[in-house]
Amino acid sequence: MITFLSGGTGTPKLLRGMQKVMDHHEISVIVNTAEDIWISGNHLSPDLDTVMYLFAGILNTDTWWGIRSDSFTTHDEIARLGIDEFITIGDQDRAVHIARGEMMRAGMRLTNVTKILCDRYGVRENVLPMTDTEVTTQVKTDLGLIHFQEYWVRSKGKIGIEQVVRSFNEPPLATEEVLAVIEASDTVVIGPSNPITSISPILACEGIKSAIRDKLVIAVSPFIGNAPVSGPAAALMQAAGFEPGSVGTLHCYEGIPDIFIQDIRDPVDISGSVRFDTLMTSEEKSIALAQEILHLAGTR
Ligand code: GDP
């Protein structure tokens with residue numbers, strides 16, 4: 001079994017390839033939940049939704065969020081009624097958020113809710129939230145401390161950020177299920193996700209770092225030079241005190257990776273790193289990178 005640490009864009013692109021070259025039951029994914037947010041009374045878990053929709057075969061892979069060919073009737077009508085849902089939510093996607101919100105209000109753990117939703121969508125891979133504890137990534141801006149989604153989706157990342165703050169009532173704990181899949185895995189892959197908003201929150205869950213320490217850990221850089229392939233990772237790295245780029249990514253991972261993969265185009269030289277084409281612009285390219293990683297993991 002291989003366990004992947006995932007956000008909602010870069011690592012899912014890798015998982016799209018992995019699901020074609022691995023047995024579905026051999027794939028476990030620990031997913032970031034620090035971007036979760038309640039909107040219109042329902043529970044959005046953007047990264048969990050993307051991973052679940054990917055494995056269910058219904059993800060909109062043009063955007064890497066939402067369900068392919070979804071309609072937006074409710075979202076548009078709510079806007080007409082004067083409610084600013086700053087995240088665009090499709091009708092089927094909203095049904096998932098309603099179901100999740102209902103189960104969570106009834107007191108269920110996010111881990112169990114995720115299992116039920118994945119079962120209903122016929123997902124065979126093991127998709128796990130990193131924690132059942134509520135934790136939120138916020139950024140400090142001129143507007144004060146705001147949710148990461150407010151910064152990235154509402155403000156389109158166009159405002160300056162000074163600091164990244166992770167807030168919670170109780171320190172987030174890795175779940176039993178998360179620790180069990182790590183234990184059952186030989187290899188842990190840190191996919192090319194945002195080091196600050198996707199991977200660090202997972203590594204910060206109590207129990208995870210010590211659990212992965214004696215595993216073969218392979219990490220893929222989300223940067224080429226000082227720019228991420230997409231998204232706000234550079235600004236977030238700077239705000240969190242890391243140099244944007246592969247070196248900063250490796251520092252952010254505190255020496256945990258045994259193997260560090262950089263893109264063949266990355267001009268930054270890191271001794272001992274492995275080079276592959278990591279730009280997953282098609283399913284074929286995702287499969288090719290997945291095969292290289294499996295080869296490194298020694299399972300193929
Ligand atoms: P989020 O939750 O939507 O922010 O998604 P992730 O954290 O999973 O992924 C965002 C990161 O993925 C960004 O920092 C991108 O640079 C990186 N990324 C996206 N596509 C690719 C790709 O094809 N190759 C690599 N190496 N990184 C990618």
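Just so you know, ligand 1 is whichever comes first in the structure, and atom 1 is the first atom listed for that ligand. Every value quoted in this text rests on a predicted model; they were computed, and no experiment measured them.
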| note | Closest non-hydrogen atoms of Ser221 and Thr249, given as atom of the first, atom of the second and distance, are OG-OG1, 4.4 Å
| Residue Ala233 vicinity, atoms of ligand 1 by number, heavy atom under 4.0 Å | 14 (O)
| query | Should the heavy atoms of other residues, nucleotides or ligands under 6.0 Å from CZ of Arg120 be counted, would the total exceed 12? | reply | no
| remark: atom 5 (O) of ligand 1 sits nearest the protein heavy atom Thr9 N, 2.9 Å
| request: Find the distance between CD1 (Ile98) and NE2 (His43) and round it off to the nearest 0.5 Å. | output: 14.0 Å
| query | Could you state the interatomic distance from CG (Leu5) to CD1 (Ile202), rounded to the nearest 0.5 Å? | reply | 5.0 Å
| field | Those atoms of ligand 1 less than 4.0 Å from some heavy atom in Asn194 | value | 6 (P), 7 (O), 9 (O), 10 (C), 11 (C)
| Just which atoms of ligand 1 are under 4.0 Å from any heavy atom in Pro228? | 14 (O), 16 (O)
| remark: Within the 4.0 Å heavy-atom cut-off, what Ser221 brings close to ligand 1 is backbone
| request: Considering heavy atoms of the protein only, find what lies nearest to atom 22 (C) of ligand 1 and give residue, atom and distance to 0.1 Å. | output: Thr278 O, 3.5 Å
| query | Of the protein's non-hydrogen atoms, which lies at the shortest distance from atom 23 (O) of ligand 1, and what is that distance? | reply | Met280 N, 2.8 Å
| message | Looking at Asp62 and Arg68, is any side-chain nitrogen of the basic one under 4.0 Å from a carboxylate oxygen of the acidic one? | response | no
| query | So which protein heavy atom does atom 20 (N) of ligand 1 come closest to, and at what separation? | reply | Lys13 NZ, 2.9 Å
| Do the side chains of Arg94 and Glu85 get nearer than 4.5 Å, heavy atoms only? | yes
| Taking only heavy atoms of Glu35, which atoms of ligand 1 are found under 4.0 Å from at least one of them? | 2 (O)
| query | Closest non-hydrogen protein atom to atom 19 (C) of ligand 1, residue and atom name please, with distance? | reply | Ser230 OG, 3.5 Å
| message | Could you identify the single nearest non-hydrogen protein atom to atom 2 (O) of ligand 1 and state the distance to 0.1 Å? | response | Gly8 N, 2.8 Å
| request: Flag Pro222 as yes when one of its N or O atoms lies below 3.5 Å from any N or O atom of ligand 1, and as no otherwise. | output: yes
| query | Does Leu279 have a non-hydrogen atom less than 4.0 Å from ligand 1? | reply | yes
| Least distance between heavy atoms, Met280 atom then Gly10 atom | CE-O, 3.6 Å
| note | Looking only at protein heavy atoms, what sits closest to atom 9 (O) of ligand 1 is Gly10 N, 3.0 Å
| request: Taking only heavy atoms of Asp47 into account, list the atoms of ligand 1 that are under 4.0 Å away from them. | output: 2 (O)
| request: Flag yes if more than 12 heavy atoms outside Asp142 fall under 6.0 Å of its CG atom; otherwise flag no. | output: no
| field | Shortest protein contact, atom 21 (C) of ligand 1 (heavy atom only) | value | Val229 CG1, 3.6 Å
| query | Taking the minimum heavy-atom distance to atom 8 (O) of ligand 1, which of Pro195, Ala234, Ser198, Ser193 ranks first? | reply | Ser193
| field | Reported CD1-to-CG distance for the pair Ile256 and Leu203, which is rounded to 0.5 angstrom | value | 5.0 Å
| Side-chain cluster (under 4.5 Å, hydrophobic types only) that Val164 belongs to, other residues | Ile37, Ile39, Leu44, Phe86, Ile87, Ile89, Val139, Leu143, Ile146, Phe148, Tyr151, Trp152, Val153, Ile159, Ile161, Ile196, Phe223, Leu236, Met237, Phe242
| Option set Gly231, Ala227, Pro192, criterion heavy-atom distance to atom 11 (C) of ligand 1, minimum | Pro192
| said: Just checking Glu283: does its CD atom have more than 12 heavy atoms from other residues, nucleotides or ligands closer to it than 6.0 angstrom? | reply: yes
